[in-house]
Every structure is written in structure tokens, then in C-alpha cells.
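Got a structure for you, written out below as C-alpha cells; questions coming shortly.
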Amino acid sequence: MFQKIETQSEKGEKNNMCETEIKKPKFPQLAGKIAETGATTKQLANALGISQSSWSKRMSGEVEFDLSEIIALTEFFDCEFNDIFSKIN
């Protein structure tokens with residue numbers, strides 16, 4: 001899954017690093033809806049009345065969605081809350 005590469009620090013110590021890291025989406029069902037519909041970051045940010053940077057922070061979990069944004073997403077995707085935010089076991 002990861003390609004290991006070795007690097008050397010300034011002191012000559014070897015470090016193992018991963019070249020690429022695959023992260024699970026914070027909101028997998030929402031990410032699925034986005035992929036399914038082909039919605040862009042710009043469209044989603046506009047629908048919520050926020051910047052694209054703010055959208056990215058919400059999708060990464062750095063900032064929580066507020067209630068008005070959640071409602072805007074359910075309206076944008078014409079779906080229920082559980083369709084985009086329920087936990088998957």
C-alpha cells in the first residue's frame with residue numbers, strides 16, 4: 001500500500017518514510033455523494049456560503065459543519081441527514 005523510502009538526516013541517521021499516505025475520508029458518505037453527483041468544491045462552498053478553503057477544513061474535520069450548513073447540504077443533494085452523515089460500521 002505504501003512505498004517505503006529511506007532518507008538520511010544531517011547526522012547520517014536513516015529514517016523510513018512513506019512516499020504517499022492514503023487517508024480515509026472524514027465523512028465517507030458525504031464524499032460518496034460528492035463523487036456520485038460530480039459536485040465541485042466551488043459549488044459546495046457556494047451552496048454553504050463559505051470559501052473553498054473553509055469547505056476543505058470542514059471536509060478534513062478541522063472545522064465542524066454548523067446546522068445551517070448541514071441543512072444546505074441536504075437541500076443541495078436532495079437527501080436526508082443520515083444519507084450523508086450517519087456512521088458506517
Do you know the tightest heavy-atom contact between Ala47 and Ala72?
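Nearest pair, atom of Ala47 first, then Ala72: O-CB, 3.7 Å.
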I would like to know whether Phe27 and Ile84 meet side chain to side chain contact (heavy atoms under 4.5 Å, CB included); could you show each step before the answer?
CA-CA 8 Å; Phe27 303 103; Ile84 53 177; over 6 Å; no
Spacing of CZ belonging to Phe65 relative to CD1 belonging to Ile50, to within rounding of 0.5 Å
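Reported to 0.5 Å precision, the distance equals 7.0 Å.
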Say whether, by atom type as modelled, one donor and one acceptor occur between the side chain of Asn46 and the main chain of Lys42 under 3.5 angstrom.
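Answer holds: yes.
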In Å, rounded to the nearest 0.5 Å, how long is the span from OG1 of Thr41 to CD1 of Ile34?
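Rounded to the nearest 0.5 Å, the OG1-CD1 separation comes out at 7.5 Å.
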Given the rule that I, L, V, M, F, W and Y join up when any side-chain heavy atoms are under 4.5 Å apart, are Trp55 and Phe85 in one cluster?
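Trp55 and Phe85: one cluster.
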Taking Leu30 as the starting point, is it possible to reach Phe81 by hopping between hydrophobic residues whose side chains are less than 4.5 Å apart?
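Yes, Phe81 connects to Leu30 through the hydrophobic network.
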Hydrogens and angles aside, do Gln29 and Ser86 bring a side-chain donor and acceptor to less than 3.5 Å of each other?
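Their side chains do contain a donor-acceptor pair, which is all the 3.5 Å distance test asks for.
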Identify whether Ile70 and Val63 are in the same connected component of the hydrophobic contact network (ILVMFWY, side-chain heavy atoms under 4.5 Å).
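Shared cluster, no.
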State the CD-CG distance between Gln43 and Leu48, to the nearest 0.5 angstrom.
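Spacing of CD (Gln43) from CG (Leu48) equals 12.5 Å.
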CA sep, side-chain torsions, deciding dist, call: Met59, Leu44, side chain to side chain contact (heavy atoms under 4.5 Å, CB included):
CA-CA 11 Å; Met59 285 300 290; Leu44 293 161; over 6 Å; no
Phe77 and Lys33: which non-hydrogen atoms are nearest, and at how many Å?
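Scanning both residues, the minimum pair turns out to be CE2-O, 3.8 Å.
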Is a salt bridge present between Arg58 and Glu69, judged by a nitrogen-to-oxygen distance below 4.0 Å?
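Yes, this pair counts.
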Polar contact flag, side-chain donor to acceptor under 3.5 angstrom, Ser53-Ser56
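Looking only at side-chain atoms, Ser56 and Ser53 do not form any donor-acceptor pair under 3.5 Å.
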